[in-house]
Structure formats: structure tokens, C-alpha cells
Amino acid sequence: MFFHIVLERNMQLHPPTYFGRNLRENLVAKLMKDVEGTCSGQHGFVVAITGIENIGKGLIRDGTGFVSFPVKYQCVVFRPFKGEILEAVVTMSGDMPNYTTSDGSVKIQKDSEVRLKIIGTRVDATEIFCIGTIKDDFLGVINDPASV
Amino acid sequence: MSGERRENAAELKIGDEFLKAKCLMNCEVSLILEHKFEQLQQMSDDPRNQVSQILSRYQLTEFELCVLGNLCPETVEEAIAMVPSIKVHSYVSER
């Protein structure tokens with residue numbers, strides 16, 4: 001499921017490179033570069049940052065001289081849940097041949113759209129992996145690209 | 001991450017944070033991403049691109065588009081004086 005949520009992050013900038021008129025733009029650009037496309041187990045994949053809610057006062061760190069700004073931002077995240085039912089597009093079936101029913105009437109291949117239920121999720125450092133099933137009522141192929 | 005073992009969307013056990021959060025339908029996300037893509041294109045440092053982006057929304061010929069982009073008229077009167085051929089386009093008279 002996609003959510004629109006507010007997240008907070010401490011952005012570190014090294015002066016004097018970034019200070020000056022463009023400080024805010026630099027902070028926002030760095031935020032987008034650092035965060036968009038990443039994934040956490042808690043919030044899921046950050047798909048896009050849609051706005052900056054607040055930038056707090058910068059705090060100079062002892063020793064390094066870097067300045068740290070707490071930034072609150074709104075973003076679109078994708079967070080899958082066990083038990084969730086959603087529709088997805090097949091990107092590849094791994095090494096296995098395409099799935100076809102015994103009478104050849106229904107095929108699942110690249111670009112097929114399927115409705116599936118997530119039965120498990122696993123989080124690692126950079127991604128969330130999901131296992132799903134189509135063996136339930138109302139699940140399965142929605143759209144066979146070959147027939148289009 | 002043991003909290004995740006107890007998650008189950010079928011029972012709406014998705015955690016307080018997500019229960020209270022705004023959900024987005026796929027179509028809404030699609031619109032947001034399209035809008036963002038347009039914004040990013042406009043922000044690219046290439047001025048030709050930026051100007052073309054905005055002016056290409058109107059039914060102008062390439063020639064008219066470039067003359068306007070070069071001269072940057074500030075008012076409608078000035079624009080029509082610089083590029084008289086744009087008078088024939090209906091959107092000008094609507095204004």
C-alpha cells in the first residue's frame with residue numbers, strides 16, 4: 001500500500017561548501033538524493049519526496065564542524081504488509097519457464113498483471129522481499145499481455 | 001523486528017502509524033509522480049528545455065516559440081508586436 005507520511009531526518013552539511021543563499025535548496029537537493037529510492041523495514045520504500053514541512057535550526061557538531069539540520073518532510077512510501085492483497089505487474093519469472101495452465105488457456109509471463117495476496121515479508125538492509133500467493137478466491141491473472 | 005511477525009493486513013494489524021496515515025490509491029501516486037517528473041524537467045539546468053517546456057503548452061510553431069524565448073516579452077502587447085503571427089491563435093483572442 002502506498003502511504004503519504006511525514007518523516008524526519010538529520011541532514012549533515014559541511015560548510016562553507018553549502019552555506020550561503022542556496023542553503024535551503026542544497027539541503028532539499030541532498031535530502032532527495034539521500035532518501036528517494038531507499039528502503040527501511042519500518043516505513044518501506046521512499047518513492048518520492050513531495051514537500052518539506054520544516055527545517056530546524058542547524059547545530060554545529062563538536063569536532064567535525066559539520067552542521068546538522070533536523071528536516072521534516074512529506075513523502076510517498078510503499079510499505080507492503082503480510083495479508084495485504086494487491087495487483088502487480090510481472091517483471092520476470094526468474095529462471096523458470098512461463099506459467100501456463102494445463103489446457104494452455106491462461107498464461108503468466110512478463111508484463112502479465114496479477115492480483116496476489118502477500119503471505120510473508122522479509123526485510124534486509126536495502127529491500128523488503130515479499131512472497132505471495134494466487135491460490136485463493138478472486139486472485140490470479142487479471143490481464144494477459146498476449147491477448148491485448 | 002519481531003513486531004513485524006504480528007503484522008497482518010487482513011486483520012488491519014498494520015501498526016498505529018500506518019492506521020492513522022493517509023493512504024494513497026495507485027492513481028493518486030501516478031498523478032504525484034507525473035507532476036514530480038514535470039517539475040524535475042523544468043528544474044533541469046538546460047534553459048532551452050525549460051523554456052520549451054512551458055511554451056510548448058500553447059499551439060505555437062517552433063519559430064514563434066523560439067522568437068518568444070529569445071526576446072522574453074513582458075506583456076501581451078509586446079508579445080504580439082514581436083510575433084504578430086500569434087494573433088491568429090484562438091487562445092490570444094479569448095484573453
Spacing of NE2 belonging to A/H4 relative to CD1 belonging to B/I32, to within rounding of 0.5 Å: 5.0 Å
Check ion pair B/E11-A/K82 (N to O, under 4.0 angstrom): no
Beyond-backbone contact of A/F2 with B/N26, side-chain heavy atoms, under 4.5 angstrom: yes
Heavy atoms of other groups near A/D62 CG, more than 12 under 6.0 Å: no
Residue, of A/I5, A/V76, A/I85, A/L86, that accumulates the most heavy atom pairs under 4.5 Å with chain B: A/V76
Between CG on residue B/N8 and CD1 on residue A/I118, distance to nearest 0.5 Å: 11.0 Å
Parallel, tilted or perpendicular: ring planes of A/F81 versus B/F18, cut at 30 and 60 degrees: perpendicular
Shared hydrophobic cluster for A/F66 and A/V28 (ILVMFWY, side-chain gaps under 4.5 Å): no
Nearest-0.5 Å distance that lies between atom NE2 in B/H35 and atom OG1 in A/T50: 11.0 Å
Within-4.5 Å side-chain heavy-atom neighbours: A/Q74 and B/K22: no
Shared hydrophobic cluster for A/M1 and A/V89 (ILVMFWY, side-chain gaps under 4.5 Å): no
Carboxylate-amine/guanidinium proximity below 4.0 Å for B/E7 and A/R79: yes
Neighbour count >12 (heavy atoms, 6.0 Å) for atom CG, B/L33: yes
Residue pairs passing the ring-ring contact (aromatic ring centres under 6.0 Å, His included) test where at least one lies in residues 26-49 of chain A, sequence neighbours excluded: none
Transitive ILVMFWY side-chain link A/I52 to A/V67, under 4.5 Å: yes
Same apolar cluster: A/V123 and A/F129, side chain cutoff 4.5 Å: no
Contact summary for A/G83 and B/A9, nearest pair of heavy atoms: C-CB, 3.7 Å
Hydrophobic cluster membership, B/L71 vs B/I86, 4.5 Å side-chain cutoff: yes
Part of B/E28 within contact of chain A (heavy atom distance under 4.5 Å): neither
